[in-house]
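One structure is given below, encoded as structure tokens.
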Number of protein chains: 2
Amino acid sequence: MRDPSPPVYREIAEALRSAIASGELSDGDRVPGENDLMKRYGVARATARQALSVLINEGIVVAVRGSGVYVRTFRPLRRHGPRRLSRELWGGGRAIWQADTADRAFAADNITVRETAAPEHVARALDLPEQERVVVRRRRYLLDDRPMQLATSYLPAKLAAGTAIAEADTGPGGIYARLAELGHAPAHFTEEIRVRMPSPAEVEELALSAGTPVLDVMRTALTSDHRAVELNEMTLDGSAYILQYDFDA
Amino acid sequence: MRDPSPPVYREIAEALRSAIASGELSDGDRVPGENDLMKRYGVARATARQALSVLINEGIVVAVRGSGVYVRTFRPLRRHGPRRLSRELWGGGRAIWQADTADRAFAADNITVRETAAPEHVARALDLPEQERVVVRRRRYLLDDRPMQLATSYLPAKLAAGTAIAEADTGPGGIYARLAELGHAPAHFTEEIRVRMPSPAEVEELALSAGTPVLDVMRTALTSDHRAVELNEMTLDGSAYILQYDFDA
DNA sequence: CAGTGGTCTAGACCACATT
DNA sequence: ATGTGGTCTAGACCACTGG
């Protein structure tokens, strides 16, 4: 047995949800707004709003101020874990993030480089003494002018300080090509993935609409003799990505 | 320049958020409730509620009816992609989901087995003609009685029908051990990961609190001659898992 | 300009938890 | 019994979008 009578706002939300699921309303279509719902169901405005807020927080509709509420469109980008980090790629002078995007306009943005003492979790991941100096590279990635991802790389200052890695432009092949030239070519990677709802700052930087989760991807790059040479913490727009990993039994 | 004056409810939410971030309020602590906020900030109840709803939808606090609002605790389980699917594991008679959990009480639940025509995306993933018959296994996984994951496996009926794979109990080593016995041992895997907010049905089945995203993991198992033998669609409680993948350059 | 969503107030009744 | 969060009404003013 279910709850004998679900609250009105949930029933309204459910009616709209199933209209969307059935295809009666599809991508980009206008959803009945507050005034429609008030009339149609004879409820107060706050109740109509509450119903819509359920769908907004589920990420299946978006509200546009002054215009209306619309079914959300969802066109993710496939990000292929192993293949994109193959040695041929950055060995060939392409930046690794060019792997996924074919001919689309991918760009980096808001690049900053600092040097600081390693935060605790960074020291642990890179197997450094606490307070050891690290080079910190931050940047934002855009696809067709839409922000997709924030990334922060940490590298031991002993390796990276004074090299192109600490410049805004790291040159052809990016950080990994430079590490290879310095005798620290990445050979193994480990990626950890977490999900969560974004902070307000992330909502702004990634231009996220309400109800969009983010993916935290924490990648550690190891040399062939298993020294950790980079930690890259990425925050991805959850509606923009499909992550793919291939491996053998 | 920011917005000249953020709405009151956002400012209240931000004050609470930073109290949590700074550790002033920590895991499980009680957060000021609606009545507190009304007095402290001199706002109407709806405004106090709106402030709290922001944090609830961000998944950083949970509301308990009749009691109060509390800082959420977060203790995820690490799910190791490649290692858990190594052949030794299911070859040795252990179910693969026992890999991650050491000595904790992991259990499967609500097991159903059906046979139907393959839905379109399943036919595509398994490289079958549309409408081909497939065996469909559904189940829910629990860790220490807490629901963690829903899973649905699809296997070609030509392989699986009439075998232990179509029984509720698939026997030692699970589906993969049975496939191996039938000459279809999985050798390669592909996992695709998506994130989204859960449906109401998933909220119920996984006992999710508000503001918790889910992970969709779609795994395809291939034999050494690259025939697809299983598609497993999993829906994980996003607050319960860290996914890990290791690979080489 | 009319219509939309965004914010806010001031009430009300209810179910539930704790004391 | 009191306090908590959950639902709901009936207003109000605002900022923005669109014709």
Side-chain angles (χ1 to χ4, degrees), chain A residues 1-16 25 28-72 200 203-204 207-211, chain B residues 1-16 25 28-72 200 203-204 207-211:
Chain A
M1 208 64 98
R2 286 288 125 255
D3 297 4
S5 71
V8 181
Y9 77 94
R10 280 186 192 277
E11 292 194 331
I12 298 175
E14 179 50 34
L16 294 174
L25 295 170
D29 280 359
R30 183 187 188 121
V31 171
E34 301 176 356
N35 294 332
D36 295 286
L37 297 178
M38 289 168 70
K39 283 173 215 147
R40 191 176 310 187
Y41 292 93
V43 296
R45 180 150 179 250
T47 305
R49 275 183 75 73
Q50 198 173 7
L52 289 171
S53 82
V54 169
L55 303 184
I56 289 169
N57 284 320
E58 285 174 359
I60 68 183
V61 303
V62 289
V64 181
R65 191 206 205 81
S67 171
V69 180
Y70 302 89
V71 180
R72 180 153 166 186
V203 167
E204 173 145 349
L208 300 173
S209 51
Chain B
M1 206 66 95
R2 286 289 126 255
D3 296 3
S5 71
V8 181
Y9 78 93
R10 280 187 191 278
E11 291 195 330
I12 298 174
E14 178 51 34
L16 294 174
L25 295 170
D29 281 359
R30 184 189 189 121
V31 171
E34 301 176 354
N35 295 332
D36 296 286
L37 296 179
M38 289 169 70
K39 283 173 215 148
R40 192 175 310 187
Y41 293 94
V43 294
R45 182 153 176 247
T47 305
R49 274 183 75 73
Q50 198 173 6
L52 290 170
S53 82
V54 169
L55 303 182
I56 290 168
N57 284 320
E58 285 174 0
I60 67 183
V61 303
V62 290
V64 182
R65 192 204 201 82
S67 171
V69 180
Y70 302 89
V71 179
R72 180 153 165 187
V203 167
E204 174 146 347
L208 300 174
S209 51

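Proteins come first, then strands; the chains are lettered A, B, ... in the order of their sequence lines, and each starts at number 1.
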Expressed as a whole number of angstroms, how long is the span from [X]:[atom1] to [N]:[atom2]?
X        : N       : atom1 : atom2 : value
Ile12(B) : dT9(C)  : CD1   : C1'   : 13 Å
Arg49(B) : dT7(C)  : CZ    : P     : 16 Å
Glu34(A) : dA15(D) : CD    : P     : 17 Å
Gln50(A) : dT7(C)  : CD    : C1'   : 15 Å
Asn57(B) : dG6(D)  : CG    : P     : 12 Å
Met38(A) : dA12(D) : CE    : P     : 12 Å
Ile56(A) : dG6(C)  : CD1   : P     : 6 Å
Tyr70(B) : dG3(D)  : OH    : C1'   : 11 Å

* Measure the spacing between CD of Gln50(A) and CD1 of Ile56(A) and express it to the nearest 0.5 Å. =>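 Those atoms lie 12.0 Å apart.
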* Look up atom CG in Leu25(A) and atom CG in Leu16(A), then write down how far apart they are to the nearest 0.5 Å. =>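 Going from CG on Leu25(A) over to CG on Leu16(A), the span is 7.5 Å.
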* To do: Could you tell me whether Ala46(B) contacts a base, only the sugar-phosphate backbone, or nothing, with contacts defined as non-hydrogen atoms closer than 4.0 Å?
  => base
Of the options [options], whose atoms approach the side-chain atoms of [X] most closely?
X        : options                 : result
Pro7(A)  : dT4(C), dA15(D), dC8(D) : dC8(D)
Thr47(B) : dT7(C), dG5(C), dT9(C)  : dT9(C)
Arg65(B) : dC8(C), dT4(D), dC16(C) : dC16(C)
Arg45(B) : dA17(C), dG6(C), dT7(D) : dT7(D)
Ala44(A) : dG5(D), dT7(C), dA10(D) : dA10(D)
Arg10(A) : dT7(D), dT7(C), dG6(D)  : dT7(D)

* When Val69(B) is tested against each of Val61(B), Val64(B), Val62(B), Asp29(B) for side chain to side chain contact (heavy atoms under 4.5 Å, CB included), which residue passes? -> Val61(B)
* To do: Assign each of Val8(A) and Val31(B) to its nearest nucleotide of DNA chain D by heavy atoms, then name whichever residue's nucleotide is nearer the 5' end.
  =>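 That would be Val31(B).
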* Toward the 5' end of DNA chain D, which comes first, Val64(A) or Gly68(B), by nearest nucleotide? -> Gly68(B)
* Does a nitrogen or oxygen in the side chain of Asn35(A) sit under 4.0 Å from OP1 or OP2 of dT4(C)? ->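 Answer yes for this pair, as a side-chain N or O of Asn35(A) is under 4.0 Å from OP1 or OP2.
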* For the pair Arg10(B) and Val54(B), evaluate side-chain contact (heavy atoms from CB on, under 4.5 Å) and give the outcome as yes or no after the intermediate values. => CA-CA 8 Å; Arg10(B) 280 187 191 278; Val54(B) 169; 5.6 Å; no
* To do: Only one of Lys39(B), Arg40(B), Arg49(B) passes salt bridge (Lys or Arg N to Asp or Glu O under 4.0 Å) with Glu34(B); say which it is.
  =>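 Exactly one pass, corresponding to Arg49(B).
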